[in-house]
There are 2 protein chains.
Amino acid sequence: MMKAAMESTGSELAEGLARSGLRPTSQRSAVYDVLASSHDHPSAEEVFLRSRKVLRTISLATVYNCLETLVDCGLVRAVHRDRLPTRYCANRSEHAHFHAESGEVTDVPLSPEAVKYITALLPEGFAADSFELSYRGHAPRKTGSNI
Amino acid sequence: MMKAAMESTGSELAEGLARSGLRPTSQRSAVYDVLASSHDHPSAEEVFLRSRKVLRTISLATVYNCLETLVDCGLVRAVHRDRLPTRYCANRSEHAHFHAESGEVTDVPLSPEAVKYITALLPEGFAADSFELSYRGHAPRKTGSNI
DNA sequence: CTAGGTGCAAAAGGTTTGCGGTTAA
DNA sequence: TTAACCGCAAACCTTTTGCACCTAG
């Protein structure tokens with residue numbers, strides 16, 4: 001196999017972008033790859049630093065632009081916490097976020113039933129396009145998990 | 001009865017502040033009163049404009065300081081949505097927020113069972129101090145409700 | 001060719017902070 | 001008296017934007 005195969009297959013990215021009539025540029029690809037291979041919900045700044053290892057000339061503004069594009073295409077999720085820098089994740093499955101006091105952010109998977117339950121909490125007449133659920137608290141003792 | 005009675009009784013505010021060893025100044029009182037009598041989740045700027053009707057000399061920075069103080073004391077909740085200006089509410093009962101596309105924010109009450117259910121979604125080992133749930137979507141046709 | 005993208009630098013905009021002066025216990 | 005608090009203005013910091021150049025279809 002080619003080394004290039006280490007990057008995302010590109011199909012998911014290319015297809016997602018194409019759906020909006022956008023091109024999979026090397027910058028978008030680099031940004032997406034960083035997120036797809038990260039489990040720590042990096043900030044734009046952090047994505048910038050990591051993507052620069054691959055694309056040495058990419059600028060922070062371009063990273064912001066790419067992130068916005070990817071979010072708009074539904075390929076990436078923006079994770080907000082108070083006024084702290086926005087963080088990003090490429091986990092597109094339904095999930096909530098647990099914000100530990102340390103700043104660490106962990107995905108909390110949501111079952112289809114949970115999603116249904118939460119959506120059903122809305123009063124008559126309200127129709128949710130989406131919801132965001134985030135917890136704040138103490139994370140369990142650090143596991144020896146990867147990344 | 002004195003006209004002053006129109007302001008919040010002050011007891012809730014004074015007690016909440018006292019718990020943190022803080023004084024119920026006229027500025028904090030004005031800010032709190034604005035929120036306690038608003039159901040539309042005003043931004044700091046908006047709180048500033050409204051509180052200035054009562055305290056003509058209050059400054060925006062002081063409003064920000066007061067809001068932060070009140071949030072820290074648990075008397076007021078900060079409501080975030082993406083990177084838009086933070087909004088505030090004095091509704092201390094357990095509730096979620098519905099963000100309509102219009103920018104309108106509506107409280108969504110949460111029953112004790114709902115709170116329990118949502119808290120129970122966390123994986124083993126995680127302990128949540130609190131959670132925040134927000135919906136995005138279309139609000140029902142405007143009711144003739146009061147502010 | 002030419003519409004869409006990138007990179008840079010500068011602007012924007014909400015929020016915070018430093019500081020001198022004021023106020024309440 | 002004195003520690004807490006306010007108002008002002010300037011600083012901060014993340015994010016956005018304008019613009020000239022570049023590049024893929």
Side-chain angles (χ1 to χ4, degrees), chain A residues 10 13-14 16-34 41-49 51-52 54-73 75-88 103 105, chain B residues 10 13-34 41-49 51-73 75-88 103 105:
Chain A
L13 172 64
L17 288 169
R19 245 177 276 131
S20 300
L22 298 172
R23 307 197 301 235
T25 65
S26 60
Q27 288 82 356
R28 289 171 180 165
S29 199
V31 166
Y32 184 77
D33 285 343
V34 163
H41 306 78
S43 64
E45 180 86 28
E46 187 60 35
V47 171
F48 169 57
L49 293 175
S51 58
R52 208 163 49 168
V54 177
L55 262 184
R56 262 163 296 170
T57 65
I58 197 170
S59 72
L60 180 57
T62 294
V63 168
Y64 271 108
N65 288 335
C66 290
L67 287 170
E68 186 184 350
T69 299
L70 295 174
V71 168
D72 288 347
C73 291
L75 292 162
V76 158
R77 261 180 73 175
V79 182
H80 301 280
R81 180 187 172 180
D82 299 355
R83 281 268 137 197
L84 297 173
T86 303
R87 299 169 69 163
Y88 299 86
V105 178
Chain B
L13 173 64
E15 285 170 22
L17 287 169
R19 243 177 277 129
S20 300
L22 299 171
R23 308 199 298 237
T25 66
S26 59
Q27 288 81 357
R28 288 170 181 165
S29 199
V31 166
Y32 184 76
D33 286 343
V34 163
H41 305 80
S43 63
E45 179 87 28
E46 187 61 34
V47 171
F48 170 58
L49 294 175
S51 58
R52 207 163 47 168
K53 290 178 184 169
V54 177
L55 263 185
R56 261 163 297 171
T57 64
I58 197 170
S59 72
L60 179 57
T62 294
V63 168
Y64 270 108
N65 288 333
C66 290
L67 287 170
E68 185 184 350
T69 299
L70 294 174
V71 168
D72 289 346
C73 292
L75 292 162
V76 158
R77 262 180 73 176
V79 182
H80 301 280
R81 181 189 170 180
D82 298 353
R83 282 266 137 197
L84 296 173
T86 304
R87 298 169 70 164
Y88 299 87
V105 177

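Any value given below was found using the heavy atoms of this structure, including those in side chains, with hydrogens, waters and symmetry copies removed. A note on names: the letters A, B, ... follow the listed sequences, proteins ahead of strands, and every chain is numbered from 1.
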Visitor: For each nucleotide in nucleotides 5-21 of chain C, reading 5' to 3', give B when a protein heavy atom comes within less than 4.0 Å of its base, S when such contact involves only the sugar-phosphate, and - otherwise.
Guide: SSBBB----SBBB----
Visitor: Nearest whole angstrom, please: distance from the C1' of dC8(D) to the CZ of Arg52(B).
Guide: 14 Å
Visitor: Given side chains that start at C-beta, do those of Leu17(B) and Thr69(B) come closer than 4.5 Å, heavy atoms only?
Guide: yes
Visitor: Where do Arg83(A) and His80(B) come nearest, in terms of heavy atoms and distance?
Guide: N-CE1, 4.2 Å
Visitor: At their closest point, which heavy atom of Val63(A) faces which heavy atom of Ser51(A), and how far apart are they?
Guide: CG2-OG, 3.9 Å
Visitor: If every non-hydrogen atom of Ala30(A) is compared with every non-hydrogen atom of Leu55(A), which pair is closest and at what distance?
Guide: CB-CD1, 3.8 Å
Visitor: Nearest 0.5 Å please: distance from the SG atom of Cys66(B) over to the CG atom of Leu75(B).
Guide: 12.0 Å
Visitor: Just report the end-to-end axis angle for the helix from dC1(C)-dG25(D) to dA25(C)-dT1(D), five pairs per end, to 10 degrees.
Guide: 30°
Visitor: Do you know which two heavy atoms are closest between Ile58(B) and Phe48(B), and how far apart they sit?
Guide: O-CE1, 3.2 Å
Visitor: Evaluate the side-chain proximity of Arg28(A) to Leu22(A): yes if any heavy-atom separation is below 4.5 Å, no if none is.
Guide: yes
Visitor: Does a side-chain heavy-atom distance below 4.5 Å link Glu46(B) with Leu49(B)?
Guide: yes
Visitor: Between Phe48(A) (CZ) and dC13(D) (C1'), how many Å, whole number?
Guide: 16 Å
